[in-house]
Amino acid sequence: MPRATQYVPQMGEIIQGLLEKGVAYQRTATRSTSRSRASRATGKLSGKVLDELEAGARVADEARRRTPRDFALWKSDPHHIQQWDAPWGRGFPGWHIECSAMSRTYLGDTFDIHTGGENNIFPHHECEIAQSEGFTGKRFVNVWLHAAHLNLEGEKMAKSEGNVLYPKDLVAEGVAPVAIRWYLQSVHYRQPMNFTREALKAASSGVERLLNFHDSLKHRADKGPEGVAAVKVVESLDEARVRYVAALDEDLNVAEANAVLFDLMRALNAMDLTRGDAAAVLGFLTDVDQVLGILPIGEESLEAEVERKIQEREAARRRRDFKASDRIRDELLAKGIVLMDSPDGVRWRRK
RNA sequence: GGCGGCAUAGCCAAGCGGUAAGGCGACGGAUUGCAAAUCCGUUAUUCCCCGGUUCGAUCCCGGGUGCCGCCUCCA
């Protein structure tokens with residue numbers, strides 16, 4: 001994680017370059033203040049009409065800049081905690097310059113994707129464009145992904161109003177982290193998301209199904225009927241892959257991509273998969289999980305005692321002593337272990 | 001006041017001119033020793049409202065209403 005304060009020299013390089021190009025200027029007229037400003041390139045993202053912006057009343061220090069659209073690259077305020085020496089006076093970096101400096105350091109003059117909250121479109125991101133493009137003469141960013149905000153139960157999520165919720169609190173309540181992840185990614189990034197318990201619960205059920213599907217595939221790949229991957233299955237996977245990628249290519253249409261997964265799951269669940277089929281599907285899911293990151297990492301294991309109980313129950317079932325087998329099942333359920341009988345033998349998972 | 005975004009079933013959510021994906025929930029079936037899991041079926045005739053364009057609009061245009069963001073020194 002780069003820290004802004006460690007890139008002051010790189011910021012200085014940009015500021016110097018902008019001054020030399022005449023894109024920025026220094027102000028020394030107002031008291032001891034010395035400022036450099038670059039004119040904003042703008043309206044590029046926000047679509048704001050600059051002349052109208054000038055009419056806006058909230059420009060307090062108009063005297064210091066030539067036009068309201070200008071912004072400070074370097075500021076001077078003896079009372080500020082952070083101070084650096086610079087050719088244009090002792091002071092500290094302006095608002096936006098650190099982003100240009102840091103991104104340039106690591107990603108170069110031009111990079112592909114810049115994300116951020118929609119509240120940063122103006123002025124922050126437009127200032128970044130102005131600085132970076134003014135300095136390099138090249139296109140700064142190819143694609144901007146501006147995420148809409150998160151609301152909580154219909155209210156704006158705001159610390160100042162106490163309307164906040166932290167993932168760690170949800171986890172403490174017993175919500176599975178993967179459910180939170182799935183829920184958050186299920187809404188398109190440009191769509192404002194209203195976080196509700198009800199929707200979280202729904203998302204939780206959905207991802208649970210997906211995880212259960214994955215689990216059953218592993219079981220199948222191991223203990224299911226012998227056989228190689230059927231053409232029908234392979235074709236389904238190929239089709240799903242194409243649709244999945246196409247959905248994400250379309251401005252990250254995650255909802256569409258998720259629908260592909262559910263469609264596929266339903267189709268495959270209706271088939272009697274062999275070990276080869278299951279292995280092929282698992283391969284597909286592993287690929288998809290590079291996007292989702294929801295599949296469990298590593299194998300889960302059972303305590304020896306639970307393992308023994310399961311064997312015990314199997315024995316009871318074989319002699320059709322359902323009373324005993326059900327008792328063991330309930331016992332394990334109370335411990336959070338769910339047992340599922342299948343033609344390939346019993347399967348378990350943690351609740 | 002200005003600029004931008006959004007408004008789809010009980011809930012969440014795709015769709016971008018050809019007559020409404022998917023998920024959750026609910027209800028009814030199938031399967032199961034009983035469950036769990038799974039499958040099948042049902043669940044939107046004003047897609048916020050009013051006009052317009054079009055053979056045809058949830059999708060385009062105009063006008064409303066509501067919600068969100070921004071309109072500068074916090075990045």
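These numbers were taken from a predicted model, which means no experiment stands behind them. Residue numbers start from 1 in every chain, and the chains themselves are labelled A, B, ... in the order their sequence lines are given, proteins ahead of strands.
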Determine whether the aromatic ring centres of residues A/F195 and A/Y183 are separated by less than 6.0 angstrom. yes
Can you check the [X] [atom1] to [N] [atom2] distance for me, whole Å?
| X | N | atom1 | atom2 | answer |
| --- | --- | --- | --- | --- |
| A/R181 | B/rG23 | CZ | C1' | 19 Å |
| A/L217 | B/rA37 | CG | C1' | 13 Å |
| A/H146 | B/rC6 | NE2 | P | 15 Å |
| A/R220 | B/rA37 | CZ | C1' | 12 Å |
| A/Y183 | B/rC12 | OH | P | 8 Å |
| A/L184 | B/rC12 | CG | P | 15 Å |
| A/H124 | B/rC71 | NE2 | P | 13 Å |
| A/M271 | B/rU38 | CE | C1' | 14 Å |

Has [X] got a side-chain N or O lying under 4.0 Å from the OP1 or OP2 atom of [N]?
| X | N | value |
| --- | --- | --- |
| A/R197 | B/rC11 | no |
| A/N269 | B/rC39 | yes |
| A/R317 | B/rC34 | no |

State which of [options] makes the closest approach to the side chain of [X].
| X | options | value |
| --- | --- | --- |
| A/D326 | B/rG22, B/rC34, B/rC24 | B/rC34 |
| A/N120 | B/rG33, B/rA75, B/rC39 | B/rA75 |
| A/A270 | B/rC34, B/rA36, B/rC39 | B/rC39 |
| A/R266 | B/rA75, B/rC40, B/rG33 | B/rC40 |
| A/E198 | B/rC11, B/rC12, B/rA75 | B/rC11 |
| A/A202 | B/rA35, B/rC24, B/rA75 | B/rC24 |
| A/D341 | B/rG25, B/rA37, B/rC34 | B/rC34 |
| A/M340 | B/rC34, B/rG25, B/rA36 | B/rA36 |

Partner lookup for [N], please. Criteria are Watson-Crick or G-U wobble with both distances under 3.5 angstrom; report none if nothing qualifies.
| N | answer |
| --- | --- |
| B/rG17 | none |
| B/rU54 | none |
| B/rA26 | B/rU42 |
| B/rG4 | B/rC68 |
| B/rC47 | none |
| B/rA36 | none |

Check whether [X] reaches the backbone of [Y] with its side chain - one donor and one acceptor, N or O, closer than 3.5 Å.
| X | Y | answer |
| --- | --- | --- |
| A/Q185 | A/W182 | yes |
| A/S216 | A/F213 | yes |
| A/D277 | A/T274 | yes |

Over 60° means perpendicular and under 30° means parallel, so tell me whether A/F140 and A/W144 are parallel, tilted or perpendicular. tilted
Please list, pair by pair, any protein nitrogen or oxygen found under 3.5 Å from a nitrogen or oxygen in nucleotides 13-15 of chain B.
{"from": "B/rA14", "atom 1": "OP1", "to": "A/H188", "atom 2": "N", "distance (Å)": "3.2"}
{"from": "B/rA14", "atom 1": "O3'", "to": "A/N253", "atom 2": "ND2", "distance (Å)": "3.0"}
{"from": "B/rA14", "atom 1": "O2'", "to": "A/E256", "atom 2": "OE1", "distance (Å)": "3.0"}
{"from": "B/rG15", "atom 1": "OP1", "to": "A/N253", "atom 2": "ND2", "distance (Å)": "2.9"}

Work out how far the [atom1] atom of [N] is from that of [M], and round it to whole angstrom.
| N | M | atom1 | answer |
| --- | --- | --- | --- |
| B/rA9 | B/rC27 | C1' | 15 Å |
| B/rA14 | B/rU54 | P | 32 Å |
| B/rU53 | B/rG28 | P | 49 Å |
| B/rG62 | B/rA21 | C1' | 31 Å |

Are A/D289 and A/T286 close enough that a side-chain donor and a side-chain acceptor fall under 3.5 Å? no
Looking at A/H125, A/H124, A/Q131, which hits side-chain hydrogen bond (donor to acceptor under 3.5 Å, both in side chains) with A/H96? A/H124
On RNA chain B, nearest-nucleotide positions of A/R243 versus A/S325: which is more 5'? A/R243
Report the residue (A/V338 or A/A267) whose heavy-atom-nearest nucleotide on RNA chain B is the more 5′ of the two. A/V338
For the pair A/D326 and A/R329, find out whether any cationic side-chain nitrogen is under 4.0 Å from an anionic carboxylate oxygen. yes
Residues that A/R139 engages under side-chain hydrogen bond (donor to acceptor under 3.5 Å, both in side chains), provided they are two or more places apart: none
Using the rule that Ile, Leu, Val, Met, Phe, Trp and Tyr join whenever any side-chain heavy atoms are under 4.5 Å apart, tell me whether A/V245 and A/L145 fall into a single cluster. no
Compare the ring of A/F262 with the six-membered ring in the base of B/rG22 and state whether they stack (centres under 5.5 Å, planes under 30°). no
